[in-house]
Amino acid sequence: MSTVMSDLHQDHHNIRELLGLLTRELDAVSDASGGDFELMRDIMVYMTRYPDHTHHPKEDLMFARMRERGIAPNTEATIKKLLREHVALAEKGNVFRDMLIGVVDGALIERETLVAAGRDYADFLGYHARLEDETVFVEAVQLLDDADWSVIEEAFEAQSDPIFGPVIQHEFRTLYEHIRDSAV
Ligand SMILES: [Fe+2]
Ligand SMILES: [Fe+2]
């Protein structure tokens, strides 16, 4: 499998892990037993940084290469849908992230509003990644050749994951330690 495709799969795995963490915190907020707002904020800062600025654009480039190779109408329809979802995910993610930044800074936001926005985001991103796994990822492997994968790889070479990549960015240190400790 190409490095690009294994990285995209790994991104999905990491995203699912973070969405699991997020959902657990949302459950705690929902039943008023707690909820770590700083952790949720860090998750959303990451989501709006790495997936929105590297993972999804990398997929967008992969979709463009697939189109150049020639795709069936149903694949074209799926790609159009996924491209729209990338835009919608970024918008929803920004709104939810800003909500959490506000809460950490002391803003008062209704618990139900925050939980609803969080669950909506987690469900949407979870469904989106699953759809890709089951459709375009499978087709991309069949359709693209080494030259396509190299173009995609080179375009994103400089962008590494700030949590799961080789260097953990300082601002994500606490979240990284949380992930590491909850995996043990
Ligand atoms: Fe995507
Ligand atoms: Fe994806």
When rounded to the nearest 0.5 angstrom, what is the spacing between [atom1] in [X] and [atom2] in [Y]?
X: Met44; Y: Asp98; atom1: CE; atom2: CG; answer: 9.5 Å
X: Gln169; Y: Tyr46; atom1: CD; atom2: OH; answer: 10.5 Å
X: Leu39; Y: His178; atom1: CG; atom2: NE2; answer: 5.0 Å
X: Leu144; Y: Glu139; atom1: CG; atom2: CD; answer: 10.5 Å
X: Phe156; Y: Ile152; atom1: CZ; atom2: CD1; answer: 8.5 Å
X: Glu134; Y: Glu132; atom1: CD; atom2: CD; answer: 11.0 Å

For this session: Before giving the answer on side chain to side chain contact (heavy atoms under 4.5 Å, CB included), spell out for Gln10 and His13 the whole-Å C-alpha distance, their side-chain angles and the decisive distance to 0.1 Å.
Result: CA-CA 5 Å; Gln10 185 61 46; His13 174 84; 3.6 Å; yes
Got [X] and [Y] here, is their nearest side-chain heavy-atom distance under 4.5 Å?
X: Asp7; Y: His55; answer: no
X: Leu83; Y: Ile79; answer: yes
X: Met40; Y: Leu22; answer: yes
X: Thr78; Y: Thr75; answer: no
X: Ile15; Y: Phe164; answer: no
X: Arg97; Y: Val45; answer: yes
X: Trp149; Y: Thr3; answer: no
X: Arg65; Y: Leu143; answer: no

For this session: Fit a plane to each ring of Phe63 and His86, take the angle between them on a 0 to 90° scale, and name the class: parallel (under 30°), tilted (30 to 60°) or perpendicular (over 60°).
Result: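 Taking His86 first and then Phe63, their aromatic rings lie parallel (interplane angle under 30°).
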Residue pair [X] / [Y]: nearest heavy atoms and the distance that separates them:
X: Val29; Y: Leu114; result: CG1-CD2, 4.3 Å
X: Gln159; Y: His53; result: NE2-O, 3.1 Å
X: Val104; Y: Arg41; result: CG1-NH1, 3.4 Å
X: Gly93; Y: Tyr121; result: CA-CE1, 3.5 Å
X: Arg119; Y: Ser30; result: NH2-CB, 3.7 Å
X: Ser182; Y: Leu21; result: OG-CD1, 4.2 Å

Problem set entry | Residues Glu85, Lys81: salt bridge by 4.0 Å N-O rule | yes
For this session: Would you mind checking if Asp133 and Arg16 are paired as a salt bridge, meaning a charged N to carboxylate O distance below 4.0 Å?
Result: yes
Exam field: side chain [X] to backbone [Y], donor-acceptor pair closer than 3.5 Å:
X: Thr135; Y: Leu131; value: yes
X: Glu25; Y: Asp36; value: yes
X: Thr54; Y: Pro51; value: no
X: Asp52; Y: Arg49; value: no
X: Glu153; Y: Asp148; value: no
X: Thr113; Y: Ile109; value: no

For this session: Go through Asp42 and Leu100 one step at a time and tell me if the side chain to side chain contact (heavy atoms under 4.5 Å, CB included) criterion holds.
Result: CA-CA 9 Å; Asp42 291 349; Leu100 288 164; over 6 Å; no
Problem set entry | Centroid-centroid distance, Phe137 to His12, less than 6.0 Å |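 Centroid distance Phe137-His12: below 6.0 Å, so yes.
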Under 4.5 Å between side-chain heavy atoms, hopping through other hydrophobics if needed: is there a path connecting [X] to [Y]?
X: Val87; Y: Met62; answer: no
X: Phe96; Y: Ile101; answer: no
X: Met5; Y: Val151; answer: no
X: Leu61; Y: Val138; answer: no

For this session: Mark yes when over 12 heavy atoms from residues, nucleotides or ligands other than Asp145 sit less than 6.0 Å from its CG; otherwise mark no.
Result: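 Result for CG/Asp145: enclosed.
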Problem set entry | Side chains of Asn14 and Tyr50, donor plus acceptor under 3.5 Å | no
